[in-house]
Amino acid sequence: MGAYRELHDRSLEQAQAFWAEAAEALHWDRRWDTVLDDSEPPFYRWFAGGQLNSCYNALDRHVEAGRGAQAAVIHDSPLTGSQCTLSYRELLEHTALFAGALAAKGVTRGDRVIVYMPMVPEAIVAVLACARIGAVHSVVFGGFAANELATRIDDAKPKAIVSASCGIEPNRLVPYKPLLDHAIELASHKPDTCIILQRPQAEAKLLAGRDTDWRDAVGAAQPHDCVIVNATDPLYILYTSGTTGQPKGIVRDNGGHAVALHWSMRNIYGVDPGEVYWAASDIGWVVGHSYIIYAPLLHGNTTILYEGKPVGTPDAGAFWRVAAEHKVACLFTAPTAFRAIRQQDPDGALLGSYDLSPLRTLFLAGERCDPDTLHWAEDKLGIPVIDHWWQTETGWPIAASCIGIEALPVKAGSVSCAAPGWDVLALDDDGRPLEPGQVGAIACKLPLPPGALPELWNARQRFYDAYLNRFPGYYETGDAGYIDADGYIYIMSRTDDIINVAGHRLSTGAIEEVLASHPDVAECAVFGVADELKGQLPVGLLVLKAGAGQNHDDTVAEVVRLVRERIGPVAAFKQASVVARLPKTRSGKILRGTMRKIADGEPYSVPATIEDADVLAEIRQSLVALGYATT
Ligand code: COA
Ligand code: AMP
């Protein structure tokens with residue numbers, strides 16, 4: 001582990017020199033005054049005093065350097081049966097025009113713009129156009145319902161919203177416009193303007209005075225030049241699940257973000273400029289922000305924007321077709337996608353018809369990767385398969401086998417070692433570092449490297465409370481696990497109520513809030529149970545109010561519908577049961593962890609503090625009826 005160790009040590013011991021060197025690869029309009037501003041611990045800022053433009057670095061810089069004709073984005077959409085490629089020059093032209101369209105609507109530096117769009121090239125154009133004029137984008141995933149969008153509108157207070165008439169799922173069209181209209185109705189803050197991309201699959205009715213057709217907005221616009229911003233200015237806000245229904249607005253700055261992401265492409269993912277890189281995720285998630293949009297473009301790669309699924313569009317060979325057709329060198333997706341492919345094509349028969357020789361590495365992240373899936377992928381693809389670990393908060397991997405530096409031996413079940421820049425430890429409850437192999441809270445020593453969140457949007461105290469308060473001097477990841485004697489990190493579970501469904505991060509607390517709002521529900525508990533395909537699925541148990549409706553099936557159907565309406569289909573909340581009581585401690589704490597263990601057939605001990613141990617037998621019966629707790 002020589003080369004990796006040496007670089008990792010240097011990244012911590014000489015952090016400022018390390019990142020200043022990495023920053024040289026980008027174009028700065030003004031050099032930074034200090035690499036790391038540590039004048040206000042535990043809050044840190046990278047490249048303070050520096051100025052740049054992220055869009056310039058992702059597009060103009062490459063066109064000026066002669067990369068204009070290279071494909072920047074390949075949109076491959078089995079869901080619409082279409083494909084298109086935009087060169088760096090074309091993407092720059094579209095982006096500059098749309099930036100002009102936003103500016104004509106009064107959007108200026110520092111204004112927020114919500115982007116609520118499906119996986120179409122215009123979504124990338126909208127994001128980069130915001131960066132171009134110094135506006136702060138906030139992309140909202142299309143699988144969220146109006147209520148979630150409204151919460152984000154009220155927190156980010158956007159001047160403009162960019163959306164599309166519809167998204168396309170394999171089994172249905174998703175009309176975005178009614179969701180958008182409803183969200184704006186629900187929100188207290190009202191955007192001045194909405195720009196709507198009309199897709200031929202379902203045109204939307206526009207509201208005179210507020211809505212503009214994308215084509216009209218662009219048709220009337222003049223290309224806009226890059227607005228120089230501070231390295232420490234926010235580039236975007238991305239909301240992610242917290243422990244309540246109020247999501248956390250993760251802020252990403254311009255300078256540190258560009259430096260870290262650019263650096264990661266060669267060093268972590270091992271790709272060179274000009275190669276094709278594919279992150280099979282969605283632009284609504286952090287993986288999409290970082291590795292569909294920014295990192296590949298900052299680094300001069302070709303990025304694939306895939307509007308399809310791993311299976312069913314049309315079959316479990318879809319990933320192989322895309323990788324072969326576009327000569328993908330590096331693929332990044334969630335283990336769920338591979339579990340889905342494996343379920344439908346266990347022998348990998350569909351692989352046979354494709355030439356995957358350009359594909360050198362598969363990276364997996366977003367959820368725990370079970371060793372079976374890892375080995376299946378290794379076996380079928382015959383290339384290194386790297387499980388790596390990160391979070392919306394960190395923006396890029398905390399741990400990975402950085403193949404551009406040195407491919408570390410794979411230990412299935414581990415996310416490999418800390419990436420350069422990250423000082424990762426397992427801590428006990430009192431914040432003391434644990435011995436190798438001992439399970440504790442996984443934390444990262446401050447300061448975090450460039451690219452990680454500097455704060456939460458308009459919520460510094462919440463930032464402090466959620467991440468910095470429990471272990472002074474550390475960032476608390478919210479993950480529990482251990483580190484072995486070789487420095488390999490094992491992520492085992494969350495320390496909070498977050499669950500991971502098909503690589504999507506959900507708060508069980510937020511789902512409980514929805515269940516509790518049903519007039520018949522007195523009490524409820526939601527927890528994640530193990531699922532072969534999606535990793536985890538949420539299950540709800542409801543205690544009804546005295547005298548509530550007698551038909552429990554109706555109540556269950558109603559709460560399932562409520563979660564879909566309020567949070568969105570992505571919550572995948574389909575299973576609930578009515579029970580007489582919930583197991584609690586004498587102090588009233590609901591024993592969600594014990595119920596999860598019962599559901600998963602894991603050994604559990606009856607807590608000494610339980611109010612009434614008999615209640616667990618009834619819970620078990622309900623879970624058996626739902627198809628769990630069978631072992
Ligand atoms: N807009 C609207 N609805 C969406 C959506 C979007 N962008 N994305 C998902 N949904 C809906 C789906 O249609 C589905 O609705 P349904 O209940 O009506 O069927 C629901 O949300 C759950 O979606 P999903 O999690 O995609 O499950 P699925 O059963 O449709 O597909 C997989 C299963 C494995 C194919 C899918 O989960 C998958 O591709 N996983 C990869 C995960 C991934 O890339 N994660 C990113 C993190 S790196
Ligand atoms: P998100 O912010 O949506 O990217 O979710 C981040 C969380 O997903 C992490 O805190 C982990 O709990 C989980 N996670 C991400 N990658 C991995 C991985 N490779 N192994 C285990 N858990 C992971």
Side-chain angles (χ1 to χ4, degrees), residues 79 116-119 140-145 164 166-176 179 238-242 248 250 279-292 306-313 316 318-319 332-344 363-370 374 386-400 413-416 442 453 476-481 489-496 498-506 531-537 560 563-564 567-574:
L79 282 166
Y116 183 57
M117 292 186 92
M119 293 282 281
V140 178
F141 177 61
F144 281 127
C166 67
I168 301 162
E169 284 293 291
N171 50 359
R172 67 202 150 98
L173 278 184
V174 184
Y176 276 30
L179 293 170
L238 177 57
Y239 289 90
T240 190
S241 299
K248 294 169 172 165
I250 306 298
S281 176
D282 189 288
I283 50 148
W285 307 118
V286 68
V287 174
H289 280 61
S290 293
Y291 291 104
I292 295 175
Y306 176 64
E307 192 179 24
K309 303 272 173 176
V311 293
T313 57
F319 273 25
F332 175 175
T333 191
T336 296
F338 266 72
R339 287 197 293 266
I341 294 169
R342 181 184 176 199
Q343 225 176 45
Q344 297 206 359
F363 280 85
L364 298 172
E367 58 181 321
R368 190 178 164 273
C369 181
D370 52 292
L374 185 104
I386 297 175
D387 177 13
H388 65 326
W389 168 57
W390 49 305
Q391 312 180 305
T392 306
E393 288 84 345
T394 67
W396 61 284
I398 314 169
S414 165
V415 294
S416 197
I442 303 286
L453 81 170
E476 185 188 358
T477 64
D479 284 323
I489 300 167
Y490 294 76
I491 301 298
M492 297 166 66
S493 58
R494 292 284 306 187
T495 56
D496 53 18
I498 284 170
I499 58 170
N500 206 309
V501 179
H504 309 318
R505 173 168 158 177
L506 296 169
D531 180 74
E532 259 188 22
L533 175 64
K534 297 194 177 187
Q536 283 184 299
L537 276 179
V560 165
V563 173
R564 195 175 171 92
I567 297 180
V570 70
F573 180 76
K574 295 191 172 154

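As the structure is a computational prediction, the values presented were derived from the model and not from experiment. For ligands, and for the atoms within them, numbers begin at 1 and follow the listed sequence.
- Ranked by closest heavy atom to atom 40 (N) of ligand 1, the top entry among T336, L537, L364 is T336.
- With contacts defined as side-chain heavy-atom distances shorter than 4.5 Å, the pair Y176/P118 qualifies.
- Annotation: atom 6 (C) of ligand 2 to nearest protein heavy atom, W390 O, 3.6 Å.
- Partners of T336 by side-chain hydrogen bond (donor to acceptor under 3.5 Å, both in side chains), not counting sequence neighbours, listed by chain and number: R339, E367.
- Aromatic ring orientation, Y306 versus F319: perpendicular (interplanar angle above 60°, classes split at 30° and 60°).
- Here A280 has backbone heavy atoms under 4.0 Å from ligand 1, and that is the only part of it that gets that close.
- Within a 4.0 Å radius of atom 31 (O) of ligand 1, the protein contributes no heavy atom.
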Problem set entry | From CA spacing to verdict: side-chain contact (heavy atoms from CB on, under 4.5 Å), D387, L374 | CA-CA 8 Å; D387 177 13; L374 185 104; 4.2 Å; yes
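- For the side-chain contact (heavy atoms from CB on, under 4.5 Å) criterion with F573, the lone passing option out of V560, L506, V501, L537 is V560.
- Residue P310 holds the heavy atom nearest to atom 39 (O) of ligand 1 of all those in S281, A337, P310.
- Set against the non-hydrogen atoms of D387, the atoms of ligand 2 under 4.0 Å away are 18 (C), 19 (N).
- Closest heavy-atom contact between I292 and A279: CG1-O, 3.3 Å.
- Put simply, atom 36 (C) of ligand 1 has no protein non-hydrogen atoms near it, under 4.0 Å away.
- Under the 4.5 Å side-chain criterion, counting only non-hydrogen atoms from C-beta, D479 is in contact with Q391.
- Every atom of ligand 1 is numbered from 1 in the order shown, and the set under 4.0 Å from a heavy atom of G143 is 1 (N), 2 (C), 3 (N), 4 (C), 5 (C), 6 (C), 7 (N).
- Ligand 2 has at least one atom lying under 4.0 Å from a heavy atom of G366.
- Within the 4.0 Å heavy-atom criterion, neither part of V287 lies near ligand 2.
- Looking only at protein heavy atoms, the nearest one to atom 5 (O) of ligand 2 is R505 CD, 3.5 Å.
- Heavy atoms only, all atoms of each residue included: A316 and I341 are closest at O-CG2, 3.5 Å.
- Atom 13 (C) of ligand 2 has as its closest protein heavy atom N500 ND2, 3.6 Å.
- Ranking the protein heavy atoms by distance from atom 4 (O) of ligand 2 puts T392 N, 3.6 Å first.
- Ranking protein heavy atoms by distance to atom 19 (O) of ligand 1, first place goes to N171 ND2, 3.9 Å.
- For M119, no heavy-atom contact with ligand 1 is shorter than 4.0 Å.
- Heavy atoms of R339 stay at 4.0 angstrom or farther from ligand 1.
- At least one N or O atom of Q391 sits closer than 3.5 Å to an N or O atom of ligand 2.
- A480 and I442 make their closest contact through C-CG1, 3.9 Å (heavy atoms, listed as atom of the first residue, atom of the second, distance).
- Looking from atom 26 (O) of ligand 1 to the surrounding protein, the closest heavy atom is K309 NZ, 3.3 Å.
- Applying the 4.0 Å criterion to heavy atoms of H504 picks out, from ligand 1, the atoms 25 (O), 45 (N).
- Residue contact check: V570 has heavy atoms under 4.0 Å from atoms 21 (O) of ligand 1.
- Taking a cut-off of under 4.0 Å to the non-hydrogen atoms of V415, the atoms of ligand 2 that pass are 18 (C), 19 (N), 20 (N).
- A pairwise comparison of heavy atoms in A365 and F332 identifies CB-CE2, 3.8 Å as the closest pair.
- The N/O atoms of K534, backbone and side chain alike, include one that comes under 3.5 Å of an N/O atom in ligand 1.
- When only interatomic distances are considered, the shortest N/O to N/O separation between E169 and ligand 1 falls below 3.5 Å.
- At distances below 3.5 Å, not a single donor-acceptor pair connects side-chain atoms of E393 with backbone N or O atoms of L453.
- Here the protein heavy atom with the shortest distance to atom 18 (O) of ligand 1 is R564 NH2, 2.7 Å.
- Atoms CD1 and NZ, from I499 and K534 in turn, are 11.0 Å apart once rounded to the nearest 0.5 Å.
- Under the 4.5 Å side-chain criterion, counting only non-hydrogen atoms from C-beta, I283 is in contact with M119.
- Taking the side-chain hydrogen bond (donor to acceptor under 3.5 Å, both in side chains) definition, one finds that H289 meets it with nothing, sequence neighbours left out.
- The shortest heavy-atom contact between L364 and C369 is CD1-SG, 3.8 Å.
- Using a 4.0 Å cut-off between heavy atoms, R172 contacts ligand 1 through its side chain alone, with no backbone atom that close.
- Atom 9 (C) of ligand 2 has D479 OD2, 3.3 Å as its closest protein atom, hydrogens excluded (heavy atom only).
- Proximity of L179 to V174: side-chain heavy atoms (C-beta onward) are separated by under 4.5 Å at one or more points.
- Counting heavy atoms under 4.0 Å from ligand 1, residue A502 touches it through both backbone and side chain.
- Put simply, part of P569 is less than 4.0 Å from ligand 1, judged by heavy atoms.
- For ligand 1 and K574, the ligand atoms under 4.0 Å from any heavy atom of the residue are 16 (P), 17 (O).
- Counting only heavy atoms of the protein, atom 20 (N) of ligand 2 lies nearest to E367 O, 3.3 Å.
- Scanning the protein heavy atoms around atom 8 (N) of ligand 1, the nearest turns out to be F141 CZ, 3.4 Å.
- What you find for L173 and I168 is that their closest heavy atoms are CD2-CG1, 3.6 Å.
- Using cut-offs of 30° and 60° for the angle between ring planes, the H388 and W390 rings count as tilted.
- Annotation for ligand 1: atoms under 4.0 Å from non-hydrogen atoms of V287 are 48 (S).
- When each atom of ligand 1 is checked for a heavy atom of G503 under 4.0 Å away, the hits are 47 (C).
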For this session: For the pair Y239 and V140, evaluate side-chain contact (heavy atoms from CB on, under 4.5 Å) and give the outcome as yes or no after the intermediate values.
Result: CA-CA 8 Å; Y239 289 90; V140 178; 5.6 Å; no
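- Here is the list of ligand 2 atoms found below 4.0 Å of a heavy atom in I491: 21 (C), 22 (N).
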